[in-house]
Each structure stands twice: as C-alpha cells, then as structure tokens.
J.: 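Okay, handing you the structure first.
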Protein chains: 2
Amino acid sequence: MSFKNFNTQHLLAQITGSRFSATYRLTGNEQEARDKAADICTEQTVEFPFQLLPQGAIPDQIVGRIERFEPDGENAFLATITFADETAANESTQLLNVLFGNISIKRGIKLAAFKPSESQTPFLPGAQFGVDAIRKILNVPKRPLLFTALKPMGLSAPNLAELAKLFAEGGIDIIKDDHGLSDQVFSRFKERVTSCANAVNEASVRLNRKSIYVPNITAPFDQLLDRATFAKENGAGAVMISPGLTGLDALRYLTQSKIGLPIIVHPAFIGGMAMSPTEGIGCGVLYGTLMRLLGADATIFPNFGGRFPLSQDDCMQIVKACREPIRIPSIFPSPAGGMELKNIRNMVELYGNDMLILIGSGLFRGSGNLTDNCKRFRDEVDSCLQ
Amino acid sequence: MSFKNFNTQHLLAQITGSRFSATYRLTGNEQEARDKAADICTEQTVEFPFQLLPQGAIPDQIVGRIERFEPDGENAFLATITFADETAANESTQLLNVLFGNISIKRGIKLAAFKPSESQTPFLPGAQFGVDAIRKILNVPKRPLLFTALKPMGLSAPNLAELAKLFAEGGIDIIKDDHGLSDQVFSRFKERVTSCANAVNEASVRLNRKSIYVPNITAPFDQLLDRATFAKENGAGAVMISPGLTGLDALRYLTQSKIGLPIIVHPAFIGGMAMSPTEGIGCGVLYGTLMRLLGADATIFPNFGGRFPLSQDDCMQIVKACREPIRIPSIFPSPAGGMELKNIRNMVELYGNDMLILIGSGLFRGSGNLTDNCKRFRDEVDSCLQ
C-alpha cells in the first residue's frame, strides 16, 4: 500500500473533538501572516507538507485549525488556532511542544494567548493553595503580603538564619532564599533549610505573628523531590523553584506530588523567552497563564521601573492572567527586580492588594537597620492599602 | 552584629580557586558595555548592590570577575567573566542560573561562549558514545549517516512500523520518531517503540546492514526514566529528547543513568533562545557546547537554507562546538529542518563527513516511492563523500 493511501480510519474513533486554543501574533503583511498561520497548523502537529499527507482523518483532525484571523495594529495579525486535545497526549511537555516547539525557532511568531480545554485538567492542575488559602495560612486577609529574599550568596547558613530572624521580627510575611542559593558548600541546602525555618518559626511563635520561610528547591532532576520533601519535613512554609531551570513540567509534578506546600515560581533563564515584541512567548502567557495552570501559587516577575526592561503593559498582562476567573484558584503575582519602598504605592494602585511585594536588597538601603526597614515596608504597605 | 560586618571568613577555606568562564556579547557603547559586564558579575551571583556587600570574601570570591573586555564590531563588546566553581554548586541547574539566569531578562546581553572548569566534569559528563562509538555501532566508518523521521503524527503504530521498515530497507542508518510523537492515543509509546524497533531490527538482520530505531522519549518529569528504560529493553538503538521541554538537566540525568543508549537531542521550544543577534544564547553554545557537555551524542539543528532562519555562520558555530577538542568525545551535528537531497552536497562541503543528515518529509517528495528515495539519499551522500 502506498503512503498516501495509509488507512487512518482509526483516528475517527480516537479523536474526541475536544480542542485547546492558542493565539499567535504574526508579524508581516496579511499574506505573510496568513502563510505563517497555515504553517503553524502543520509545523506544530504533523510537521509534514499538507499536500503530501494521507487524505482523510490526519488533515481533518490532526492538523491545527485557524479559527480567527484579525489585524493587530500595523503589520501584525492575531491568529487563533485550535488543536485536537489528542495531539498534546495529556502531557504538559507535549502540550508545550504543540504550542511553541518548532515555531519558537521561526521569525515573527509570538505566542500571545493559550486556552486549555476542560479535558486538560489532569495535567494542568492549577494551584493547590492560591490566594485565599495562603492568606489564611498567614492570617492576612486583605493587604499585600510582604516578601523578601535571603542573600547574598556566600553567607553561611547561620548568617542567613540570622537574617531570616531579623526579617521575621521586622514583620515580613514570606522570607525566601535568593534564587541563586541551591546547595553551595558555604550554605548547604539541608543546613540552610533547617536553620532558616527554625529561625522564622521560632520568631513566629515568640511574636505571635505568622511568617514563613521558603527555600529554593531548584535542583538537578534526581534531587528535586528530595529537596521538596526535606523542606516540608523541616519547617518550610512554601517552596520556590525556577521552572526554566528544572523544566516546566517539574512544576506540574511538584504540584501533583502533594508535598502540601505552596509553590512560588521564579523566572530565571526562561524569562528571556518573553523579551521580544515579535517572537517568543507573551509575558501574560509565560509568567501568568502557564505557571498558574501548572500549579504555581505565586509568580515572581520583573516589575517595570526596576532593573529589568518589562513594560507596564507586560506586567498588567501577567497580573491579569493570575486572576482571570477560570476553574482553578487565583494566584499571587509578585512584582520584583529592584523594587524599593518608593515603588509600593504605584504597585498597589496598579495591581491592587492581592500580590506579594518582593523587596530584596532594597531593605538593606537607607538607615541600614534591617528591622527598621522592614517596619517601614509594612507601614508603607498599610498606608497605600486600597 | 550589623550585616556589613557579618563574618565571611568561612569562605576562604571553602573556595578552591577553580573557576569557569563565560563570554558575553554586550550591546552598547563602551561605557554601557562596561556597566553591563559589571552588572553581570553581581546579578548572576550575589544579586546585591556591590557597595552594600559585607566586605572581604564575598566581593573578592563570589562576585564574578571580568577577565577580558574587547570590542566586537560596531557598538558591541565581548566580556569574558569567570565565576568561582562553588557558585554553581556542582549542579547543571545552578550552573545555567549563574551563566544566564536573571540576565536572560536584560537587554543587550548574549551568552556567546562557555568554558567549564575541569572540576565540573562530574555534572557535565559529555557523551557516553559520541562519533566514534556510534560509527562502530552502525558499521559506517566514514560517510555521513543517513537519518530520517517517522511521521506524520496521527499514523498508527503499525503504520509507523511499516514506514520504519521501508526506511531500513532503503538503507537509512538512523530512523527516529518525529519529535511530536510522544504517547498519543493513536500511537501509544509502548506499542510504537515495540513495533518500530522490531521492524527496524528485523530488516537489519534480513539485509545484514545495521539500522537503528530511535524513539522520542520526551516525557513528563515522572515518566522520563521509564520511557528510556522501556526503549532500551525493547530494541531501540538510541533515544531522542527535547531538553527544552524536559529541562536541560534531564539530559545530564539520562546520560548518567547509564541507560546504555546514545542520546540525540532536539531543539523544540528552547531553540527560540538562540534567535536574537543581541540577546539569548549563541547557537554554538546552546546547540553545541551545552548539549555536548550535558551528554548528547548528536544534536539536531535547523540548518540554514531550509525552513528555519539560522545563518550559515550560526550553523558553523554549532558544528565547531560539536568537535572542538576537549576532554569529552566529539558528537554529531545533525543539520535538519526542511533539508532535501539537493542540500546534501553543500552540507558535506561545509560540515565534512561527521554528521547525521536528517531528511524527513523530503523523502516523501519526488517519485513518491520511499525506498527509491532512500536509495537516492544514499547515492547522493556517496557521490559527495569527502
């Protein structure tokens, strides 16, 4: 039998009709953009010239379908394309491959939106906690949460624990490792987690005010679950990972492994995919939609006006994606990246109260008394409360 | 004790002095580029303002050091920066974080080269096979290897096995899954691997000419090792993963898990990080250096002149990085992405014989007789042999 006549009847019984959708921003004139949209439909599925496909079910069911096509400003178009759920095989790895695998390497194609089907819930579980549950844990019903980082790299575990204690005494709600602290010789993961968790938990009890410690568990493939488990068993209140370093599906895996701790995600390495106006992944999709669906409870992003180049519009898209009413809990956006006390009012006005305000080295500026600076952080948040 | 006076003496005994180096291409005038270089030294390590650091060992040992700074054409400079091995904690995840974590989100910084220290061998193992061992397995001492892909998605496992048989009969050396085949309902991973491996191995015995089947084992975090093991136990001759989807350290993990099969890497999703002239990761580093160090035996890249936008210079950098004489085996570059028979002469002239020439749907064009087209592929390679 020749290839063009391969029997593909089996597909008709296997395709449920449930589809997920992706919107791409395509740069070029209308014909170029239409060609790009058509190319995405085959490149991301069959990776085969349409006219050479065996006729019937494959072109009808497996190849993507252009559902909408409209201008988006000058020299750009938005194409919404749907794909059969079965192409993504109920795997987040393969889903990402269909959404943006090969076309990540083509010019003028940007992933601008992703909408999963309802059937994709099993591998896009969403947060196990989310905004409401984390507010309850911390007993902070309304205001933005105060968030800081233990650093610089090079401090010993006892030094970091001393800092953690000062932050907790200063009233910081969430005290995390800097994302560059992993298992360095000068501050081993286990010693650091034990010391910092003890310091924060002891201060919480002493002051009768809840703070939590959040270790960075970004780790080699075969150590990730061990670090999460160690964190859970030794007093951490949440964990942080950088999914760009571990692979995005590690976030989904951690979420479903039921470690029973909230997960905060950091954009190291992968943030670079959201830097171009014409290529890569839109900020709202990368920091917001994808992280939220894969299970993040909070997503750290480089806020505009700090030391990273995102625009206000980029940031608003992230915040919106954290809160869009869908089947899974809302999560905390966490503006960061060179924020100082003077940025707080603007953040609260733009983003409202449901966020983690991450101020790291900004707390070491000014008077130099860390506890006082933490209290100023809290006072500033209270004075801006919406 | 105040923060600025934290005792960091412990570091002096912990820092060995062994350092790895990264070269960044920095866009801007000289002052801007010098500022960027200085910023990388702190952003990627302490993530803390230099002047606020506790004095002594942290600024001396943990902060990166600019070792070279020189112009690179107009409005760009190359800065070579070294970092203490201890910052990377003997983990590829943390190494990538130091090399390009936060600065992936800054403008005008491109990772242009990476040179590990000798002490980083334990987590940058290099190929377990490489060019020479794979040539022995296939009994092809000299010519480029013939490489193709089973597709389109939507075919059943028996259909794919039929194709695999035709390819093997046509003399293709390496027959892989298309990278979009994972565990879809129409062609389940286990059935596909068994069927295709049997088809290829049976043809190899019958024709007394070795071909191997290479399943795509890109999979969710908790299924990767199972798929690799299943592949090994059921007749696969190598495996393929897309490290952009699984996380790059999954490649290192597979390499060190001693599954005993060569590993071919595919650039889906992560290839987009090597698209910008001024940001992201250079093609040679991403496709070549990093994949080779983490254990790839062959690296598929989108060749110039096909349907992807890499330049000839980009591709030459990849090929060079696959072969640079370092402590680990040379690996096969695998030009791909819309290649046809007519491209072979140019590839052989540019890249020499040590490569896998990947022609996928190109084999379905022309006369339509797949076995004949495979033979033309082989004839063309032989006629171009250097």
Side-chain angles (χ1 to χ4, degrees), chain A residues 3 6 8 10-11 14 45-49 52-53 58 62 86-87 89 91 93-94 96-97 100-102 104-107 151-156 159 178 180 182-186 218-222 245-247 249-250 253 267-269 271-273 275 279-280 302 308-309 361 364 370, chain B residues 3 6 8 10-11 14 45-49 52-53 58 62 86-87 89 91 93-94 96-97 100-102 104-107 151-156 159 178 180 182-186 218-222 245-247 249-250 253 267-269 271-273 275 279-280 302 308-309 361 364 370:
Chain A
F3 172 74
F6 264 9
T8 54
H10 61 280
L11 280 176
Q14 290 167 333
T45 54
V46 291
E47 211 185 322
F48 209 81
L52 296 182
L53 290 171
I58 290 180
I62 304 296
E86 289 74 17
T87 62
E91 300 169 349
T93 36
Q94 173 59 10
L96 289 173
N97 186 42
F100 207 60
N102 273 6
S104 76
I105 323 174
K106 291 191 170 180
R107 295 270 175 224
K151 50 183 169 180
M153 183 195 290
L155 294 183
S156 65
N159 282 344
D178 195 26
S182 62
D183 187 30
Q184 283 94 353
V185 62
F186 26 85
T218 305
F221 192 86
D222 39 344
L245 298 170
T246 60
D249 191 66
Y253 171 68
F269 199 69
M273 292 186 87
M275 289 281 284
E279 283 146 21
F308 293 92
S361 44
F364 291 83
L370 212 53
Chain B
F3 173 73
F6 264 9
T8 54
H10 61 279
L11 281 175
Q14 291 168 333
T45 54
V46 291
E47 211 186 323
F48 209 80
L52 296 182
L53 290 171
I58 291 181
I62 303 296
E86 290 74 17
T87 62
E91 300 168 348
T93 37
Q94 173 58 10
L96 289 173
N97 186 43
F100 206 60
N102 272 7
S104 75
I105 322 174
K106 291 192 170 179
R107 295 270 176 226
K151 51 183 168 179
M153 184 196 290
L155 293 183
S156 64
N159 282 344
D178 195 23
S182 62
D183 187 32
Q184 283 96 352
V185 61
F186 26 84
T218 306
F221 192 87
D222 39 344
L245 298 171
T246 60
D249 190 65
Y253 171 69
F269 198 68
M273 291 187 86
M275 288 281 284
E279 284 146 21
F308 293 91
S361 43
F364 290 83
L370 212 51

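Labels below follow one simple rule: chain letters A, B, ... track the order of the sequence lines, proteins then strands, and each chain is numbered from 1.
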J.: Only pairs of heavy atoms separated by less than 4.5 Å count here; which of L52(B), T246(B), N97(B) has the most with chain A?
T.: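 The candidate making the most pairs under 4.5 Å is N97(B).
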J.: Highest number of heavy-atom pairs under 4.5 Å with chain B: which of G280(A), S104(A), G180(A), G272(A)?
T.: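 Answer, by heavy-atom pair count under 4.5 Å with chain B: S104(A).
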J.: Answer yes or no: is there a side-chain heavy-atom contact under 4.5 Å between F186(A) and M153(A)?
T.: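 In short, these two side chains touch, coming nearer than 4.5 Å.
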J.: Under a 4.5 Å heavy-atom cutoff, which of T93(A), I62(A), L11(A) has the most pairs with chain B?
T.: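 Most pairs with chain B among the choices: T93(A).
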J.: Please answer whether the main-chain N or O of T87(B) pairs with a side-chain N or O of Q94(B) as donor and acceptor at a distance below 3.5 Å.
T.: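 It does hold such a pair.
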J.: Most heavy-atom pairs under 4.5 angstrom with chain B, which of L53(A), L155(A), T8(A), L96(A)?
T.: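 Heavy-atom pair counts peak at L155(A).
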J.: So, does D249(B) use its side chain to make a donor-acceptor pair with the main chain of P220(A) at under 3.5 Å?
T.: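 Absent.
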J.: Give the minimum heavy-atom separation between M275(A) and E279(B), together with the two atoms involved.
T.: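 Scanning both residues, the minimum pair turns out to be CE-OE1, 4.2 Å.
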J.: Could you tell me which of G154(B), P49(B), G247(B), A89(B) has the largest number of non-hydrogen atom pairs under 4.5 Å with chain A?
T.: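 That would be G154(B).
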J.: Under a 4.5 Å heavy-atom cut-off, does chain A meet the side chain of Y253(B), its backbone, both or neither?
T.: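 For Y253(B), side-chain heavy atoms alone lie under 4.5 Å from chain A.
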J.: How are the rings of F364(B) and F48(A) set to each other: parallel, tilted or perpendicular (split at 30° and 60°)?
T.: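 Aromatic pair F364(B)/F48(A) classed perpendicular.
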J.: Given that the side chain runs from C-beta out, which part of M273(A) has a heavy atom under 4.5 Å from chain B: side chain, backbone, both or neither?
T.: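 Contact with chain B involves the side chain of M273(A) alone.
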J.: May I ask you to name which of I105(B), V46(B), T45(B) has the most heavy-atom pairs under 4.5 Å with chain A?
T.: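 Between I105(B), V46(B), T45(B), the count favours I105(B).
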J.: Is the shortest heavy-atom distance from the side chain of E86(B) to the side chain of Q14(B) under 4.5 Å?
T.: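 Sidechains of Q14(B) and E86(B): no contact.
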J.: Heavy-atom cut-off 4.5 Å, strictly under: side chain, backbone, both or neither for P302(A) against chain B?
T.: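 P302(A) touches chain B through side-chain heavy atoms alone.
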J.: Pick whichever of V185(B), N102(B), D183(B) has the most heavy-atom pairs under 4.5 Å with chain A.
T.: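 Answer, by heavy-atom pair count under 4.5 Å with chain A: N102(B).
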